[in-house]
Structure formats: C-alpha cells, structure tokens
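Remember, it's a predicted structure, so these values are computed and weren't measured experimentally.
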Amino acid sequence: MTPVERRLLIKVSTMYYLEHMKQNDIAKRLGVERTTISKYLKRAVDKGIVTITVANENFEELESVMEKRFGLKECFIVPKSYDLLAVKQSMGRAGLQLLRRIVSNHQVIGLAWGTSIRELTRFAEQSKLPKIDSDFVPLDGGPENIDSEYHVNTICYELARSFGGRCHYIYNAIIQDVNYEKISAFWNNLDIGIVGIGAPVKSSNLVWMGEFGREAIESLYKTGAVGEICSVFYDKNGKEVTTDFSDRIIAVGLDKLRNLNYSIGMASSREKVMSILGAVRGQMINVLITDELTAKLMLNEY
C-alpha cells in the first residue's frame, strides 16, 4: 500500500468513525460512489488502520445479574456515554459479534428497522464474515417517510450481502397481496429476530421519522402503551395494545418473537427503560443488547 493510499484510507476512516459523517456525504465530498467509501472502510479494517473491539470485558458480573433477574438467554452490556451515537455503535459491534457466533446455513434471519440495527449493518459491511446460505427478511414495513439509509429493506440488503445470503423485501403491502404472502411465509420459519425497542414519547423514532404525529404519540398514554417493537405497541407486562393505527401496521406477530431461539432486542437510554422492561416481561426478547446505564436503571425499576 502506497503512502497516498494509506492517507486516503485514514482520511475516510476519520470522517466516518470520528466525525460521524454518513457514507453518502463522504462520497460526495470526495467525488466517488458510496460503494467506494464502503470498500475503503473495509480495506482500512483489513489493513489494521481501523481496529474494531467490543468493550464489554468489565461487565460480566452485570450481564450475569441481568440474565438471572430477567430470564434472558444472554445480555450484552456496552459502556455508557453522553454520545448517543457512540453507544449505538458499541451496540452494533456487540450485535455483530453475537451474529457471527449464532448464524448458520439454512436459517431465516429477520430484522426490524432502527438506528442501532443500522450501526450493526455498517460494521458488517466492513468485516470479513462467514458466508452462509440463509435468508434475510424484514420484520415490519417500517415508516413510509424514512430515509432510505434506515429503511428495513436497506438494512436487510446490507446484512444479507455481508453474509453472502439472500435478501427479501417488504413493500407497502396489503394482507392479500403476493409480497405479503411471501414474507409472512418466512416469518413462520424464523430462526433469529433482531429488533429495536421504541418508547411512545415525543422524541421517539416514529415521531422523528414522521410516521406518527406528536398528538398521536400522546394518545398512546391512554392505552397503557409503554413500548413498541416492529411498530406494534404493548403495555408494561408485554401485552399488545390496540391503537388508532394498529390497522396500518404490517409486521411479524409478537407471538412469533416469543417462540424464537434468538429474539435479540437492541435498545438503550433512560426513556426506554420501561419499554425494555415490558419487552422482557412479555418475553418478546430473550437476548438484550444495551448500555451500562440502562441496565442499572432496569435493575432499580424491577
């Protein structure tokens, strides 16, 4: 590698990892395609310019307490930080570490949309992963107005490509159409599910993405909703609640998540504590990836 090539890889890595620029923005600044930036980042990892580690070595005791208290198969704790993006990136690395261990041939892996899950796929793009003969499918349609970078179809495509598997898409389907029938058939054979956990607050992803207005979110309090998974809302005990927009949602049933060998939830922050507690009480997830602060708040609330 020439000094010029090394300098370019360092420059791209600095903009992406330290300045938190999007790959599209980096590509525009450098006058190249976004796929080229992805290749640069992968090469930076391969050449040792960027090293990726999961800093959870000091949380074994806390993880063990969480697993026993909440009946979790596994819990992954990442360091707390005032930088929310840094926490999500750490969670993404932890999620990818788990997937490397549990994915195998002839599985169906389902993904929901979310910023933490998107970070997982970013690191997957830059890593050398085992090639598997498996299917990757969306678990819900996600918001209609979402940036394509965070759309569930994009997330599925990126992860499937990283593992060399097959990707299947969900469209603005209706229950009777062929696309829905195809996707729901995969849902019936899920092996692994990866979901985000949302809170019905004014700063939630569903408000941020423009799917629901703030007034609609406020109306959720009357239903007893404390959280949502795959755009389906539930109460503090994990029981699904009916909302004014339930009939607008096309998503995997929460009961299917309860029966998975690995139902992985990725979420953190003080405002999501009750949402995560509802998810574990309702057994919608059996693996939790979160940060140190959120884990300790959960233990205090339980």
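Residues passing the salt bridge (charged side-chain N to carboxylate O under 4.0 Å, His left out) test with Arg281, sequence neighbours excluded: none. With sequence neighbours excluded, the residues forming a side-chain contact (heavy atoms from CB on, under 4.5 Å) with Tyr157 are Arg161, Cys167, Tyr169, listed by chain and number. Looking at residues two or more places apart in sequence or on another chain, you find a side chain to side chain donor-acceptor pair (under 3.5 Å) between Asn188 and Lys256. For Phe163, there are no ring-ring contact (aromatic ring centres under 6.0 Å, His included) partners at least two apart in sequence or on another chain. Not counting sequence neighbours, Asp83 has no partner by the salt bridge (charged side-chain N to carboxylate O under 4.0 Å, His left out) test. By the side chain to side chain donor-acceptor pair (under 3.5 Å) test, Asn259 is found to be paired with no residue, residues two or more places apart in sequence or in another chain being considered. Under the rule for a side-chain contact (heavy atoms from CB on, under 4.5 Å), Gln283 has no partner lying at least two apart in sequence or in another chain. The side-chain contact (heavy atoms from CB on, under 4.5 Å) check on Glu74 picks up Glu67, Phe76, Leu98, Arg101, Tyr262, Val287, with sequence neighbours excluded. With sequence neighbours excluded, no residue forms a side chain to side chain donor-acceptor pair (under 3.5 Å) with Ser13. Under the rule for a side chain to side chain donor-acceptor pair (under 3.5 Å), the partners of Thr294 that lie at least two apart in sequence or sit in another chain are Asp291. Considering only residues two or more places apart in sequence or on other chains, Asp133 meets the salt bridge (charged side-chain N to carboxylate O under 4.0 Å, His left out) condition with Arg166. For Glu292, the salt bridge (charged side-chain N to carboxylate O under 4.0 Å, His left out) criterion is met by Lys296, not counting sequence neighbours.
In this structure, CD in Glu119 is found 5.0 Å from CD in Gln89, a value given to the nearest 0.5 Å.
Comment: Lys272 does not engage Glu301 in a salt bridge, judged by the lack of any side-chain N to carboxylate O separation of less than 4.0 angstrom. Salt-bridge check for Arg258 with Asp255: passed, with a basic side-chain N closer than 4.0 Å to an acidic carboxylate O.
For Lys28, the NZ atom is loosely surrounded, since the number of other residues' heavy atoms within 6.0 Å does not exceed 12. More than 12 heavy atoms of other residues, nucleotides or ligands lie within 6.0 Å of CD in Glu5, so this atom counts as buried by the packing criterion.
Under 3.5 Å, the side chains of Thr115 and Arg118 contain no donor-acceptor pair of N or O atoms.
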